[in-house]
Amino acid sequence: MTGSGVPTWEEVARNHGRFLYTVAYRLTGNDDDAQDLVQEVLLRVRRGLGTYQPGNLEGWLSRIATNAFLDEMRRRRRRVVELLPDEPERVIPPEPGADVAAEAEALPDDVHRALQRLTPDYRAAVVLCDVVGLSYEEISATLGIPIGTVRSRIHRGRAQLREALT
Amino acid sequence: MTGPAAPDAGGHLGDRLSGLLDGELTHAGAEEARRHLAGCPSCSGELRAVDNARSWLRHLPAVEPPAGFRDRLLAADPSLVAPPGRAAVVPLRGRRAAVATVAALAAAAAAVLGLLPAPDPPAEPRVTRLVEAHATSGQGADPLSRLVPVGVPVSFGQ
């Protein structure tokens with residue numbers, strides 16, 4: 001640790017490399033963008049951005065990674081007209097009784113692909129909740145949005161994911 | 001904690017279902033939700049669907065970086081990075097990365113090799129361990145029976 005308490009990049013790379021890469025990969029969807037995102041996190045850690053509170057390093061790294069991811073998504077939107085994802089027709093609600101069993105399985109690769117179909121805002125909320133494990137309060141602080149919005153994005157993100165895997 | 005909030009159209013639970021699954025409703029809100037679920041097949045169905053998605057996401061495995069990436073990270077000297085802006089003075093992927101890595105490693109070989117720890121243990125994905133610290137989740141069984149009691153959320157930085 002440096003004198004200021006901010007972790008060194010060496011510590012981050014050695015002890016939290018897989019965690020950081022996992023978050024980056026789930027947010028961006030592919031290895032190239034994930035590596036770019038991790039590199040951006042390196043820059044921001046070096047600049048000491050954000051308020052680091054000892055004892056929650058991975059939460060702090062998630063915050064930096066997610067905000068860097070969303071910044072990049074906003075940057076891209078300004079440059080390129082974003083093509084709408086290939087959405088399926090509005091799903092007709094299943095007949096009563098024809099519901100999917102609670103033990104329905106889904107392959108991780110399919111889940112990952114479905115995750116990438118979410119809009120960045122929904123994907124970020126879902127990743128922070130279900131991949132990183134942050135509380136709504138932590139996600140609210142991370143993204144700078146009200147807790148009600150956190151809950152709404154998580155719920156809609158999960159619902160869209162489920163639809164995509166039906 | 002998120003409060004009960006106004007019911008959505010038809011008095012259904014909407015995103016309070018996720019709040020319930022995540023242990024983020026108030027005690028009163030959770031009780032109200034359970035009462036509603038007991039008599040609402042639509043919300044019960046939605047609860048199962050959202051719980052499926054939640055479980056699948058929480059069981060996603062950790063992802064290993066491509067071969068050599070962690071070494072390139074360790075070798076990347078932050079002082080080489082040109083602030084501000086995103087100029088990638090230290091490329092971490094691609095052919096240029098290999099050249100930069102060799103040079104950086106040569107300069108730092110003694111110190112780096114002496115301090116490199118053992119490889120990450122091939123244990124369960126630590127991401128899964130992180131998630132397990134929060135509300136219980138898992139495949140099968142009635143989602144309501146696996147809910148943890150409403151408690152104080154972990155504050156950021158704890």
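Reminder, nothing fancy here: chain letters follow the sequence lines and each chain counts from 1.
Of the atoms belonging to A:Val127, not a single heavy atom falls under 4.5 Å from chain B. In this structure, the portion of A:Leu115 lying under 4.5 Å from any heavy atom of chain B is its side chain and not its backbone. Residue B:Pro41: no heavy atom, backbone or side chain, is found under 4.5 Å from chain A. Of the atoms belonging to A:Leu107, not a single heavy atom falls under 4.5 Å from chain B. Interface remark: A:Arg153 contributes no atoms to any contact with chain B (heavy atom separation under 4.5 Å).
With contacts defined as side-chain heavy-atom distances shorter than 4.5 Å, the pair A:Pro108/B:Trp56 does not qualify. Residues A:Arg156 and B:Asp15 form no side-chain contact, since every pair of their non-hydrogen atoms from C-beta on lies 4.5 Å or further apart. Here the side chains of A:Gln35 and B:Pro66 are in contact, with some heavy-atom distance below 4.5 Å. Counting heavy atoms from C-beta outward, A:Asp31 and B:Phe69 have side chains that stay 4.5 Å or more apart.
A side-chain donor-acceptor contact under 3.5 Å links B:Arg58 to the backbone of A:Cys129. The backbone N or O of B:Leu17 sits nowhere less than 3.5 Å from a side-chain atom of A:His155 that would complete a donor-acceptor pair.
Considering CZ of A:Arg162 and CZ of B:Arg48, their distance stands at 10.5 Å, rounded to 0.5 Å. Note that the OH atom of A:Tyr25 and the CG atom of B:Leu60 stand 10.5 Å from one another [nearest 0.5 Å]. Between A:Leu161 atom CG and B:Leu57 atom CG the span is 5.0 Å, to the nearest 0.5 Å.
With respect to B:Glu24 and A:Arg151, no salt bridge is recorded, no charged nitrogen being found less than 4.0 Å from a carboxylate O. Taking the charged nitrogens against the carboxylate oxygens, A:Arg158 and B:Asp22 do have a contact shorter than 4.0 Å, which makes a salt bridge.
Nearest heavy-atom pair, B:Pro61 versus A:Thr22, reported as atom, atom and distance to 0.1 Å: O-CG2, 4.4 Å.
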Note to self: Would B:Arg70 and A:Arg18 count as a side-chain contact (heavy atoms from CB on, under 4.5 Å) here? Give the steps.
What the structure shows: CA-CA 9 Å; B:Arg70 186 177 282 114; A:Arg18 180 193 290 166; 3.6 Å; yes

